[in-house]
Structures are given as structure tokens and as C-alpha cells.
Amino acid sequence: MAEIKLAAEVRTEFGKGAARRTRRANLVPAVVYGHGAEAVHITLPAHELQLALRTANVLIGLEIDGKDALVIPKAVQRNPLKGDIEHVDLLTVKRGEKVNVEIAVHVEGDLAPGGNLLEYVQNTLLVEAEATHIPESVTVSVAGLDAGDSILAKDIPLPKGSVLAGDEDAVVLQVVAAQAEEPTAETAEEEGAEA
């Protein structure tokens, strides 16, 4: 995964009013923490950050007051109406360090014939990977699975360098039989009247 470089400025103002002024200036308030160091409050350019966060678990190289920091997003708060980023928590990482992250689960293949439905019990999988080699997603084949079949976390092949960090017996995907709608009392009466 490529590293995205962003220029950051240290924040000295705090509170709702300061955060609003920051956002009006097309900047996003953020906090960088980790490795036992004191948290650093910064601002990041909103548009560049929005583009960077399109990639899940993106690796971001920050320049803060002449010092370089390597971070990954830990929590992103968005405006519920506009979708704009309101605040970001960033976790400091080091090259070669292992981190726990959630990666997306994608499926390929067709289920067995018969109108079965695939249910995502979990959309993501918790894995441990090197901070500079975090996989974006994992793909699982559901070809030929029938009603009652399920795929556990331990059954999913992980990319090289990644290991499962969550419960290995957790159900990630399951196949359920399509259920016909039960007739309501009104439809049963209508069908009886027609006969």
C-alpha cells in the first residue's frame, strides 16, 4: 500500500467554536496519539484527507513542525447529513510494527441453485498485519454453497503477512434458504372468497 503524504499544522485552539472556524477554513481537526507519547492536536487539509480516506486503513505520512510521523486512521467522525469529515483520530505506527486492523470481506462465485440468500454476519475481519503492508480486503469464494452452509473466520485465506486477530470460530458468512411470505389473514380471506 502506498503512503500518502499530508502537511499538518499544530492546533492551539480547542472547543466547538475553534473546531467550527477550522472547518470553515477547509481544515479538519485531528489528534495523533500512540507509542506512549503525548497526544498532538493538529489540523489537516480537508480535501486531501477526504481523498486519502477513500482507501481503507490508508498509511499517511504527516509532516508536523518539521518532524515526520507515520499514522493510520483509527476513528473518523463524519457529519451525518453532509458526510464531511469533522474529526479524525490517527494512530502513530512504525515501519515493521504489527497493528490490528479491520479489512473488508468481499465474495465471489454463485451459490448453489435454489433461491438461497447469502447473509454477511460480519462485513470485516480483524487481522494483524505489518503497518506498511496492510491488505485492503480479503476475497472469499461462495461458489456452490447451499442453505445451512457457513464460512468461519479461520476458513478465510488471508493475504501473505497477515494473521487472524479476532475469534477464529466466528461466523463471517452464512447461507440461508429463501423464505416464502406467509399469507396474512386478509389474503387468506380473499383467496377463500375467490374459490
Worksheet entry | Full working for side chain to side chain contact (heavy atoms under 4.5 Å, CB included) between Val171 and Leu152 | CA-CA 4 Å; Val171 176; Leu152 303 178; 3.6 Å; yes

Item to complete: Give a yes or no on whether Val28 and Val10 share a hydrophobic cluster (residues Ile, Leu, Val, Met, Phe, Trp, Tyr; joining criterion: side-chain heavy atoms under 4.5 Å apart).
Response: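 Per the 4.5 Å side-chain linkage, Val28 and Val10 are co-clustered.
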
Worksheet entry | Hydrophobic cluster identity match, Val105 and Leu126, side-chain contacts under 4.5 Å |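 Per the 4.5 Å side-chain linkage, Val105 and Leu126 are not co-clustered.
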
Which heavy atom of [X] sits nearest a heavy atom of [Y], and at what distance?
X: Ile42; Y: Ala8; result: CD1-CB, 3.8 Å
X: Ala165; Y: Glu128; result: CB-N, 3.9 Å
X: Val175; Y: Asp146; result: CB-O, 3.3 Å
X: Tyr33; Y: Asp89; result: CE2-CB, 3.8 Å
X: Ala7; Y: Pro45; result: O-CD, 3.3 Å
X: Leu158; Y: Val163; result: CD1-C, 3.6 Å

First locate atom [atom1] of [X], then atom [atom2] of [Y], and finally report the distance between them rounded to the nearest 0.5 Å.
X: Ser137; Y: His106; atom1: OG; atom2: NE2; answer: 3.5 Å
X: Gln174; Y: Leu117; atom1: CD; atom2: CG; answer: 11.0 Å
X: Gln50; Y: Asp84; atom1: CD; atom2: CG; answer: 6.5 Å
X: Leu145; Y: Ile151; atom1: CG; atom2: CD1; answer: 5.0 Å
X: Glu9; Y: His41; atom1: CD; atom2: NE2; answer: 16.0 Å
X: Ile103; Y: Ser162; atom1: CD1; atom2: OG; answer: 6.0 Å

Practice prompt. Could you give me the CA-CA distance, side-chain angles and deciding distance for Asp149 and Asn116, then say whether side chain to side chain contact (heavy atoms under 4.5 Å, CB included) is met?
Written response: CA-CA 11 Å; Asp149 292 341; Asn116 297 320; over 6 Å; no

Practice prompt. Kindly say whether Lys94 contributes a backbone atom to a donor-acceptor pair with the side chain of Glu97 at under 3.5 angstrom?
Written response: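 Between the backbone of Lys94 and the side chain of Glu97 there is a qualifying donor-acceptor contact (under 3.5 Å).
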
Taking only distance into account, with no hydrogens and no angle test, what donor-acceptor pairs under 3.5 Å do side-chain atoms of residues 69-81 form with protein atoms, sequence neighbours excluded?
{"unit_1": "Arg78", "atom_1": "NH1", "unit_2": "Gly83", "atom_2": "O", "d": "3.2"}
{"unit_1": "Asn79", "atom_1": "OD1", "unit_2": "Leu81", "atom_2": "N", "d": "2.7"}
{"unit_1": "Asn79", "atom_1": "OD1", "unit_2": "Lys82", "atom_2": "N", "d": "3.0"}
{"unit_1": "Asn79", "atom_1": "ND2", "unit_2": "Glu86", "atom_2": "OE2", "d": "3.3"}

Practice prompt. Assess whether atom CG of Asp167 is packed by more than 12 heavy atoms of other residues, nucleotides or ligands within 6.0 Å.
Written response: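 Check passes, neighbour count above 12.
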
Worksheet entry | Working for side chain to side chain contact (heavy atoms under 4.5 Å, CB included), residues Leu173 and Val142 | CA-CA 9 Å; Leu173 302 165; Val142 295; 4.1 Å; yes

Item to complete: Starting from the C-alpha separation in whole Å, work towards a yes-or-no answer on side chain to side chain contact (heavy atoms under 4.5 Å, CB included) for Asn100 and Val127.
Response: CA-CA 6 Å; Asn100 288 349; Val127 298; over 6 Å; no

